[in-house]
There are 2 protein chains.
Amino acid sequence: MNEKQPATAKPQRDEAVVSAFVERFAAQLTEAGMVRMPARVFAAILSCDSGAMSAAELSEQLKISPAAVSGAVRYLSQVTMISREREPGSRRDRYRVHSDQWYEALGNRDQIVKSWEETMREGVARLGPDTPAGRRLAETQEFFAFLGKELPLLLERWREERERTYGGSA
Amino acid sequence: MNEKQPATAKPQRDEAVVSAFVERFAAQLTEAGMVRMPARVFAAILSCDSGAMSAAELSEQLKISPAAVSGAVRYLSQVTMISREREPGSRRDRYRVHSDQWYEALGNRDQIVKSWEETMREGVARLGPDTPAGRRLAETQEFFAFLGKELPLLLERWREERERTYGGSA
DNA sequence: CCTTAACTTCACAAGTTTGTGAAAACAACG
DNA sequence: CGTTGTTTTCACAAACTTGTGAAGTTAAGG
């Protein structure tokens with residue numbers, strides 16, 4: 001037989017295949033507005049078996065300089081999509097995707113929405129609540145308020161559904 | 001009295017104030033990943049009393065060339081945040097924000113989410129559903145599926161709430 | 001403490017994006 | 001069907017962004 005793995009071996013990673021997937025997903029994230037290096041780094045960590053990678057591993061797999069890794073992980077930590085951990089007794093950091101954590105990063109979006117809402121509120125006041133433009137802004141403000149209220153609820157529902165699927169039977 | 005407007009006059013636009021608001025909101029949209037000119041154009045139209053502006057008006061208020069206006073409105077039309085209309089018997093287009101329509105542009109996001117989900121599905125298949133990485137991707141896929149299902153519902157709820165507020169009593 | 005592995009910072013070169021002017025293409029109106 | 005006001009296209013210059021190499025900093029382990 002020409003199988004790549006004997007029946008008893010555990011499934012083996014074909015690094016070329018992994019890399020192709022990583023680059024594809026990263027490209028999609030980039031298209032959606034994410035900066036390229038953080039997107040690639042995030043995709044790589046998400047796709048590794050342990051769920052965590054060192055800077056050296058990232059540097060090698062993505063063929064980028066340590067400087068680029070440094071910048072990307074700083075950004076990703078900032079927006080809480082990964083967390084940094086140091087293995088005690090080593091000087092090597094590892095960067096990890098906490099499954100439960102990075103969904104919440106979407107929740108950070110509601111901070112953005114909040115600030116938009118604030119801007120709308122100010123706009124209504126400045127342009128006048130009785131002007132046509134003011135009324136339009138007021139409605140937009142309500143929309144943002146609605147989102148700010150609903151997004152956290154959405155995440156909560158996800159947490160529940162997730163709990164049911166992965167927590168219950170696993 | 002030093003009021004800017006007599007009690008009987010209708011509220012009058014102070015263009016400097018309007019412009020300050022437009023630029024502020026546009027800057028926020030830009031920060032959130034939107035390209036600058038489309039953001040400015042969108043903010044300007046949203047903030048004008050009629051809810052629609054001509055290219056010449058945009059060009060003047062934003063101090064940009066007709067070419068820049070052209071590019072921005074093309075983009076905004078594409079993502080359905082504005083619509084183009086021509087006043088019959090004129091050769092001048094007007095660009096309009098349909099309040100009900102641009103919220104839906106958020107809904108377009110669920111197309112993006114759909115394509116991410118597809119990528120995850122492929123990733124699971126390629127990396128192997130029984131590998132740790134494969135399982136992580138599978139969970140991520142479910143998350144995207146969840147979003148794709150929920151986002152349209154969210155918009156629907158907004159439409160209802162909006163109907164109640166603005167449709168019922170106005 | 002000194003050595004050394006690992007991470008970070010910084011200035012810069014390469015690459016992209018953005019907005020413009022000028023010219024071309026359109027379309028209403030006489 | 002030519003005129004004229006309007007929008008679009010295109011090549012280019014300016015501004016910004018990105019990723020790198022190299023030097024600098026930090027901290028584990030001898």
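Letters A, B, ... mirror the listed sequences (proteins, then strands); counts begin at 1. Excluded from the calculations below are hydrogen atoms, water molecules and symmetry mates; all remaining heavy atoms, backbone and side chain alike, are included.
- In this view, B:R91 satisfies the salt bridge (charged side-chain N to carboxylate O under 4.0 Å, His left out) rule with no residue, not counting sequence neighbours.
- The stretch residues 63-100 of chain A participates, sequence neighbours left out, in no ring-ring contact (aromatic ring centres under 6.0 Å, His included) pair at all.
- With sequence neighbours left out, the ring pair (Phe, Tyr, Trp, His ring centres under 6.0 Å) criterion links A:F21 to no other residue.
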### Query
How does protein reach along nucleotides 9-22 of chain C, written 5' to 3' as B (base within reach of a heavy atom under 4.0 Å), S (only sugar-phosphate), or - (no contact)?
B--------SSBB-
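- Per the geometry, CG belonging to B:D93 stands 7 Å off C1' belonging to D:dT7, to the nearest Å.
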Please write out the pairs of protein N or O atoms and N or O atoms of nucleotides 23-30 of chain D separated by less than 3.5 Å, giving the distance to one decimal.
from	atom 1	to	atom 2	distance (Å)
D:dA28	N3	A:R91	NH2	3.4
D:dG29	OP1	A:G89	O	2.4

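- Within the structure, salt bridge (charged side-chain N to carboxylate O under 4.0 Å, His left out) pairs that include any residue of residues 16-27 of chain A comprise A:E23-A:R40, A:R24-B:E122 (at least two apart or interchain).
- B:E57 places its CD atom 11 Å from the P atom of D:dT6, with the value rounded to the nearest Å.
- For residues 30-70 of chain A, the ring-ring contact (aromatic ring centres under 6.0 Å, His included) pairs, not counting sequence neighbours, are A:F42-A:W102.
- Among residue pairs with one or both ends in residues 102-116 of chain B, those qualifying as salt bridge (charged side-chain N to carboxylate O under 4.0 Å, His left out) are B:E104-B:R159; sequence neighbours excluded.
- A:R94 and A:E87 are joined by a salt bridge, as a carboxylate oxygen and a charged side-chain nitrogen come within less than 4.0 angstrom of each other.
- Contact annotation: B:R84 reaches the phosphate of D:dT8 (side-chain N/O to OP1 or OP2, under 4.0 Å).
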What N/O pairs connect the protein and nucleotides 23-26 of chain C at under 3.5 Å? Give each pair on its own line.
none

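- Screening residues 59-75 of chain B for salt bridge (charged side-chain N to carboxylate O under 4.0 Å, His left out) gives no qualifying pairs among residues at least two apart or on separate chains.
- The nearest whole Å value for the distance from the CD1 atom in A:I82 to the C1' atom in C:dC7 is 14 Å.
- A search for ring pair (Phe, Tyr, Trp, His ring centres under 6.0 Å) contacts involving B:F144 returns B:W116, not counting sequence neighbours.
- Residues meeting the ring pair (Phe, Tyr, Trp, His ring centres under 6.0 Å) test with A:F143, sequence neighbours left out: B:Y103, B:W158.
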